[in-house]
Amino acid sequence: MAIKIGILGYGNLARGVEAAIKQNNDLQLEAVFTRRDPSAIQIQTAGVSVYSIDDAVKFKDRIDVMIMAGGSATDLPKQTPEFAQYFNVVDSFDTHAHIPEHFHNTDLQSKKANKISIISIGWDPGVFSLMRMISSAVLPEGNHYTFWGKGVSQGHSDAIRRIDGVLDARQYTVPSEESLNKARAGKNIEFTARQMHTRECYVVVKENADKVLIEKQIKEMPDYFADYDTTVHFISQQELNEKHSGLPHGGFVLRTGVTGNHKEYNNVIEYSLKLDSNPAFTGSVLVAYARAAYRLNKEGQSGCKTIFDIAPAYLSSLSEEELRSHLL
Ligand code: NDP
């Protein structure tokens with residue numbers, strides 16, 4: 001029988017999750033939940049309904065895993081621990097600085113409910129975190145570097161959209177080619193956040209909005225913009241739709257380190273992603289971890305996990321034997 005998935009919140013990421021479920025025969029979309037009027041929301045899966053978030057708890061015995069598709073800035077810190085009381089949950093919480101607190105809050109609820117939660121799943125945090133962890137374990141003496149983009153950061157765009165007076169926004173993260181090449185050359189340089197990336201924001205505001213104040217709020221936002229050189233461009237909704245509607249992204253995780261008795265060997269590990277659609281890819285990662293959440297809970301495990309805690313075989317629809325014969 002297929003694993004029954006719920007999606008809570010219906011935005012870009014939710015649409016990515018919905019598409020990814022269709023590529024996995026062992027998963028089935030059971031229901032979508034929203035804070036908005038459900039009748040106003042069109043989803044892409046025939047025969048599946050959209051319900052009010054207030055009705056979600058009624059589905060607690062019908063849904064095996066709830067994928068939390070809200071925004072990291074204000075939705076997930078509340079919604080993930082709240083729904084962990086009733087469901088196995090998987091989220092993509094990406095405010096790196098607050099992950100320990102989010103983990104703690106969610107863990108408490110999941111343990112009480114005897115459910116599994118897996119937080120901060122996607123590509124960063126997510127598979128990039130795993131690559132950083134594995135490569136640091138393999139090359140303990142060295143440096144690691146993560147470069148993002150050029151691409152749209154949904155988390156940063158979302159954070160701008162939550163500012164009073166902002167109607168819409170796109171934020172591009174742009175890597176410094178010069179710093180990327182220095183890292184690739186294995187020079188073991190320590191960069192500041194500012195030397196590695198710049199941030200470009202395209203923002204649509206309400207008529208009569210205080211643009212000076214909005215620009216200041218963006219540039220000084222802790223965790224998101226304060227540590228970077230940020231430029232803010234105010235544009236019309238039409239220009240945003242025409243020139244900035246795609247959500248491409250990607251990036252590079254590098255680890256440079258030395259091996260050998262005299263530390264005479266240099267090594268560079270590089271993992272990169274080139275994504276036409278960030279939410280479609282992130283959705284694909286989330287559904288693989290939803291499968292893992294279901295399996296772990298079936299084994300009797302509970303509590304909160306991160307990507308570091310999940311053995312890879314739990315992600316795959318292939319059996320252990322098939323994995324050994326085809327992919328080892
Ligand atoms: P959206 O802004 O599209 O959606 C977030 C929430 O806002 C939805 O759950 C939905 O809730 C609500 N919403 C969506 N569209 C509308 C609308 N038109 N009007 C009013 N409300 C709306 O964000 P994304 O889906 O793009 O991204 C979600 C989060 O995913 C980001 O904040 C980011 O943190 C995370 N992410 C993580 C990644 C990772 O690698 N870990 C990678 C990419 C994203 P409701 O239906 O209840 O109204």
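Whatever order the structure lists them in is the order used to number ligands and atoms, beginning at 1.
In this structure, I121 counts as a contact residue of ligand 1, since one of its heavy atoms falls inside 4.0 Å of the ligand. Residue contacts with ligand 1 leave out P279, since none of its heavy atoms falls under 4.0 Å from the ligand. Residue contacts with ligand 1: I53 is excluded, as none of its non-hydrogen atoms falls under 4.0 Å. Not a single heavy atom of R15 lies less than 4.0 angstrom from ligand 1.
Looking only at protein heavy atoms, the nearest one to atom 34 (O) of ligand 1 is S72 OG, 2.5 Å. Summary of contacts: the protein heavy atom closest to atom 40 (O) of ligand 1 is W123 N, 2.8 Å. Taking atom 4 (O) of ligand 1 as the reference point, the nearest protein heavy-atom neighbour is G11 CA, 3.8 Å. From the protein, the heavy atom lying nearest to atom 28 (C) of ligand 1 is G70 O, 3.4 Å. Closest to atom 7 (O) of ligand 1 among all protein heavy atoms lies R35 NH2, 3.8 Å. Ranking protein heavy atoms by distance to atom 33 (C) of ligand 1, first place goes to D94 OD2, 3.4 Å. Looking only at protein heavy atoms, the nearest one to atom 26 (O) of ligand 1 is Q154 NE2, 2.2 Å. Protein heavy atom at the shortest distance from atom 17 (C) of ligand 1 is R36 NH1, 3.2 Å.
Looking at T95 against ligand 1, nothing comes within 4.0 Å, counting heavy atoms. Only the backbone of A69 comes within contact range of ligand 1, with a heavy atom under 4.0 Å; no side-chain atom does. With a 4.0 Å heavy-atom cut-off, ligand 1 is reached by the backbone of T34 and by its side chain too. At a heavy-atom cutoff of 4.0 Å, ligand 1 is contacted by both the backbone and the side chain of P125.
Salt-bridge check for D210 with K216: failed, with every basic side-chain N at 4.0 Å or more from each acidic carboxylate O. Between D64 and K4 there is no salt bridge, since no side-chain nitrogen of the basic residue lies less than 4.0 Å from a carboxylate oxygen of the acidic one. Salt-bridge annotation for E215 and K211: absent, with no side-chain N of the basic residue lying under 4.0 Å from a carboxylate O of the acidic one. Ion pairing between a basic and an acidic side chain is recognised when a charged N comes within 4.0 Å of a carboxylate O; R291 and D26 show such pairing. Taking the charged nitrogens against the carboxylate oxygens, K78 and E82 have no contact shorter than 4.0 Å, which rules out a salt bridge.
Atoms of ligand 1 found under 4.0 Å from any heavy atom of R161, numbered from 1 in the order shown, are 2 (O). Atoms of ligand 1 lying under 4.0 Å from any heavy atom of D158, numbered from 1 in the order shown and given with element: 2 (O), 32 (O). Taking every non-hydrogen atom of G122 and a distance limit under 4.0 Å, the qualifying atoms of ligand 1 come out as 39 (C), 40 (O), 41 (N). With ligand atoms numbered from 1 in the order given, ligand 1 contributes 6 (C) to contacts under 4.0 Å with heavy atoms of D75.
Remark: R15 qualifies as a cation-pi partner of Y10 under the 6.0 Å distance and 45° angle criteria applied to the six-membered ring. R199 forms a cation-pi arrangement with Y228, by the criterion of a distance under 6.0 Å to the ring centre and an angle within 45° of the ring axis.
Taking the centre of each ring, H244 and Y172 come in below the 6.0 Å mark.
When atom types are taken as modelled, the side chain of H144 and the backbone of V253 share no donor-acceptor pair closer than 3.5 angstrom.
Considering backbone and side-chain N/O of L13, one or more are found under 3.5 Å from N/O of ligand 1.
D223 and H98 share a side-chain donor-acceptor pair at under 3.5 Å. For the 3.5 Å distance criterion, the side chains of T80 and D91 qualify, holding a donor opposite an acceptor.
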Using ring pair (Phe, Tyr, Trp, His ring centres under 6.0 Å), reason through F33 and F59 one step at a time and then give a plain yes or no.
CA-CA 10 Å; F33 303 93; F59 285 73; 5.1 Å; yes
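Just one of D158, T95, T230 meets the side chain to side chain donor-acceptor pair (under 3.5 Å) condition when paired with Y224; it is T95.
Considering only non-hydrogen atoms, atom 38 (C) of ligand 1 lies nearest to T282 out of L8, N12, T282.
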